[in-house]
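Written below as C-alpha cells is the structure these notes are about.
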Amino acid sequence: MSAPAPEQLALHAAQLRARIAMLDHAYYVLDAPEATDAEYDQLMRALLALEDQHPQLRTADSPTQRVGGAPRADLAPAPHAVAMLSLSNALTDDEAQAFDMRVQAGLGLADPVYCCELKFDGLAISLRYRDGVLERAATRGDGSVGEDVTANVRTIRSLPLRLPGPVPPLLEVRGEVLMFRRDFERLNAHQRAHEAREFANPRNAAAGSLRQLDAAITAQRRLHFFAYSMVQGDGEEDTTTAPDSPTGDPNPNPNMPAVTRAGSQWALLDALQELGLPVCEHRARVQGIAGLRDFYETIAQRRDSLPYEIDGVVFKVDDFQQQRRLGSVARAPRWAVARKFPPSEARTQVLGIDVQVGRTGAITPVARLAPVEVGGVVVSNATLHNEDEVRRKDIRIGDTVIVRRAGDVIPEVLASVPELRPADARAFVMPASCPVCGSAIERGEGEVIARCSGGLICPAQRKQALLHFAGRRALDIDGLGEKLVDQLVDAGLVSHPAGIFALDLPTLQKLDRMGEKSAANLLAAISVARTTTLDRFLYSLGIRHVGETTARDLARHFGSYAALAAATEAELLQVPDVGPVVAQAIRQFLDDARNRAEVEALLGTLQVAAPPPAARSQALGGVSFVLTGTLPTLSRDEAAARIEAAGGKVSSAVSRKTRYVVAGAEAGGKLAKAQELGIAVLDEAGLLALLEQTGGN
DNA sequence: CGTCCTCGAGTTCC
DNA sequence: CTCGAGGACG
C-alpha cells in the first residue's frame, strides 16, 4: 500500500479538527451534543494518531493541544497585567507550622499577625474597574492570560457594576466566583428534568456557567462572588507608602480612597466591603501558629454548614510591608499559604458494575472502583442506586469518575469524566434475570426499582430476610451476621427464620471456623431472642411497607398477633399511617399459606410479649425532635428512648414541624437544614436539661 | 388534587 | 444519609 500524499493528510487532519471543534461547540456551548462520546473519542484518537505519525501536522490550535480547561476559542483572551499567582498548599499541620517558621525567620519576628480567610472552591476571577466602572472580567487561565468573561460576570447580582465613592482611576479586584450549594442543587434538578447532563459539583457548575457564551444562561445560574485582593493602577506593584498601623488610621491624604490607604490585608477587606463588594464574613486576624490552628479547626467544624463549598483556609501575613519583605518565589507568594482540608472528592476508575439483590428483591447496581482514598478512608465500592441513575450520570465501565465522601459516610459517585473515557468503555445493562436465582427481573410501570421476581426462592432474598429477622432492631440475635447466614444457607442448614431455632451444637460445628465456644455463644444468643415483644416480632417478619414505626403502631393497635391476623383490610386502615397500599401488603402477607406456616412455627417457639405501652408522660406533649450526629454520652437510641419516655416524638427528617434538632459531633445536612429553617438546636446537655425541666414536674 | 411530612429501604467501611 | 413513595391534610 502506498503512502497517501502529504496534502491529503493535511486535509484529513484539518477535517478532523473542524469536526471536533463543531462537536465541542455543540457540547459545551449549545448544550446539545451531536455525537455520542464514543464517536467523539474516535475522532480525537484518529487525530492524535495522525499527529503522532506526522508531527508537522500538529498545529497550536489543534484540539489535541488542549489541556483541561484550556481557553475556548470563542472567548477572547484576556492578558493579566499582573500575573494571577496561585498559593502553595499546606496539606498537613506540620506544613502549616513550617510556613509560620519561614515567615518568622524572614521577618525576624515572633508570632506575626495573620489574616485568615476561606479558600473557596470556585474560580479565581479578576475584575477591572476603570473610574469605578466594571470594564473587564477575566478568568485566571494560565495565570498570565485568562479568558474574557465580562458579559457573564455582569450577570452576578451581588457584584456592583459601579463602585461608589472615591476610587483609584484603575482598580483591579480579585476574588472568587462560586455557586452556592442551594443554587447548584436547583440547577442539577433543572438539568435532570431536561435530561441534560448534571454537574459533578458546584465548582464545575460555576465554571461551566461562567464560560457560557450566552450570558442569559449565566444569569439564570445565580453565581456569587467574594473579593479578597486588589491590584492597583495598571499593574505596577503597589508602592504606596503604607501607614505604620495596619488598620490604616489617620492618613496624610484623606482624599485617597480607602482601598489605596489600606496597609494590611485586613484593612483592605474592610475597604473592599465599603465599596460594596461582597467580602466573606468568615475571616479573622490572629497571631502566630496557635491562631492559625484555631482558625483552621473552627472552620473545619463549620465546613458542612456553610452555604458554599470550601476546600481549605488561607493564611496571609497581614501587614503589606511585611508581605513585600517576604516577596514571592516562582508562581506563589511567600507570605501566604492555603491550608487544605483532606479532600472529600477523588477521581478513580470504574472497574465493573455488579448488581446486588436486596431483601425485597430490589436489584441495585454497585460500582466496583479502583480503591481510592477519599475523606480519610479507602473506597472501593459505591452504590449507583438504580438503572436510571446510571444512565442519567452516564457512568460506564472503564470510566474515570468523581467519587465523594463528605460529612456523610456513604460514598457517592458524582459523575463521570467524559474526556477520560476509553474507547472500549461499556455501558451498564440491567440483567434480564437474577444473577443469584435466575428468576426474571421485573420493573413495574412507573417504578424506579427493578426487582427479582423469585421471592423467597431466591437465596439472596432468603439471606437478606434472615439477616433482617436477626437484626438489632428485630429479634436482635447477637452474632448472626452476614458471614454466618451465608454459610448456614449455603450449607442448607437454615432456609427460613424458624429454622434458626432448630439449630443445635453438633449441626453448628459442621461449619467452617465454628468452634464449640462460638457455637455455644450463638445458641445462647438465639435462646435470648426467643423472648421478644410483638412490635419487634412484626417488624422481623419483613412485611413490605412495615418498618419499625408501622410495626409498633400495628402492635399497639391490635395487641396480639391473632388479632392482627383476623383483621380485614378495612380494619387495618384504622391504624395510624396505614393506607390502602400498606393495608394490602399486610393482608397479602397474612393470606400467603407459606407465611402463615412460618409464623405458626415461630409462635410455637417464641414468647411474644404484649407491646410496651405508649408513653404515659405528657411532659413534652408530642413535641417533635430530630437527632443528628454523635452525642458525647448518649447513644442515639438512648436519646430517642428518653425523649419518647417524656412524651416527645423523634422523627428522621427535619421539617417545619420539628421543634428541636439535637446535634452532636459531625452533624451533617440536618443541622444545616435546621439552621435554614430557624429551628432550635440543642446539644446533649441542652436536651438533658430540657428533659430534666419538663420531666421534673 | 397538590403539598408537605414521614416512613421504609438500601448502603460503606472498620 | 438520601431517595422514592405512601399517607395526611388543606
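Residue numbers begin at 1 in each chain, while the letters A, B, ... track the order of the sequences.
Looking at A/Asp486 and A/Lys463, a side-chain N of the basic residue comes within less than 4.0 Å of a carboxylate O on the acidic one, giving a salt bridge. Looking at A/Glu345 and A/Arg203, no side-chain N of the basic residue comes within less than 4.0 Å of a carboxylate O on the acidic one, giving no salt bridge. Taking the charged nitrogens against the carboxylate oxygens, A/Asp637 and A/Arg473 do have a contact shorter than 4.0 Å, which makes a salt bridge.
Closest contact between the side chain of A/Ala362 and the listed nucleotides B/dT6, B/dT12, B/dG10 involves B/dG10. Side chain of A/Thr383, nearest nucleotide from B/dT6, C/dC1, B/dT11: B/dT11. Side-chain proximity of A/Thr364 to the nucleotides B/dT11, B/dC5, B/dG8 is greatest for B/dT11. Taking the side chain of A/Glu447 as heavy atoms from C-beta on, and the options B/dT11, C/dG7, C/dA5, the nearest nucleotide is C/dA5. Among the nucleotides B/dC7, B/dT12, C/dG6, the one closest to any side-chain atom of A/Thr549 is B/dC7. Side-chain atoms of A/Val377 lie closest to B/dC13 of the nucleotides B/dG10, B/dT12, B/dC13.
Regarding A/Glu548, its CD atom lies at a distance of 15 Å from the C1' atom of B/dG10, rounded to whole Å. Separating the CZ atom of A/Arg552 from the C1' atom of B/dC7 is a distance of 12 Å, rounded to the nearest angstrom. The CZ atom of A/Arg404 sits 16 Å away from the C1' atom of B/dT12 (whole-angstrom rounding). To the nearest angstrom, C1' of C/dG7 lies 7 Å from CG of A/Asp577. Taking atom CD on A/Glu412 and atom C1' on C/dC3, their separation rounds to 11 Å, with Å as the unit. Rounded to an integer number of Å, the gap from A/Glu387 CD to B/dG10 C1' is 17 Å. In this structure, the CG atom of A/Asn381 is 10 Å from the C1' atom of B/dT11, given to the nearest Å. Look at CG on A/Asp553: it is 12 Å from C1' on C/dG7, rounded to the nearest Å.
For A/Gln356 and B/dT11, the shortest distance from a side-chain N or O to OP1 or OP2 is below 4.0 Å. Contact between the side-chain N/O atoms of A/Ser651 and the OP1/OP2 oxygens of B/dC7 is not found at any separation under 4.0 Å. At B/dC13, one or more side-chain N or O atoms of A/Ser380 fall inside 4.0 Å of OP1 or OP2 (strictly under the cut-off). Applying the 4.0 Å criterion to OP1 and OP2 of B/dA9, one finds that A/Arg359 has a side-chain N or O inside that range. For C/dC1, the OP1/OP2 oxygens have a side-chain nitrogen or oxygen of A/Thr628 closer than 4.0 Å.
A donor atom on one side chain and an acceptor atom on the other are not found under 3.5 Å apart for A/Thr360 and A/Arg544.
Comparing A/Ser652 and A/Val448, the nucleotide of DNA chain C nearest to each residue sits closer to the 5' end for A/Ser652. Closest-nucleotide positions on DNA chain B for A/Ser655 and A/Thr360 were compared, and the one nearer the 5' end corresponds to A/Ser655. Heavy-atom distances to DNA chain C give each of A/Ile449 and A/Arg636 a nearest nucleotide, and the one nearer the 5′ end belongs to A/Arg636. Comparing A/Gly542 and A/Arg368 by the nucleotide of DNA chain B whose heavy atom lies nearest to each, the residue mapping closer to the 5' end is A/Gly542.
For A/Tyr308 and A/Phe120, the ring centers sit closer than 6.0 Å to each other.
Remark: A/Asp478 CG is loosely packed, at most 12 non-hydrogen atoms of other residues, nucleotides or ligands lying under 6.0 Å away.
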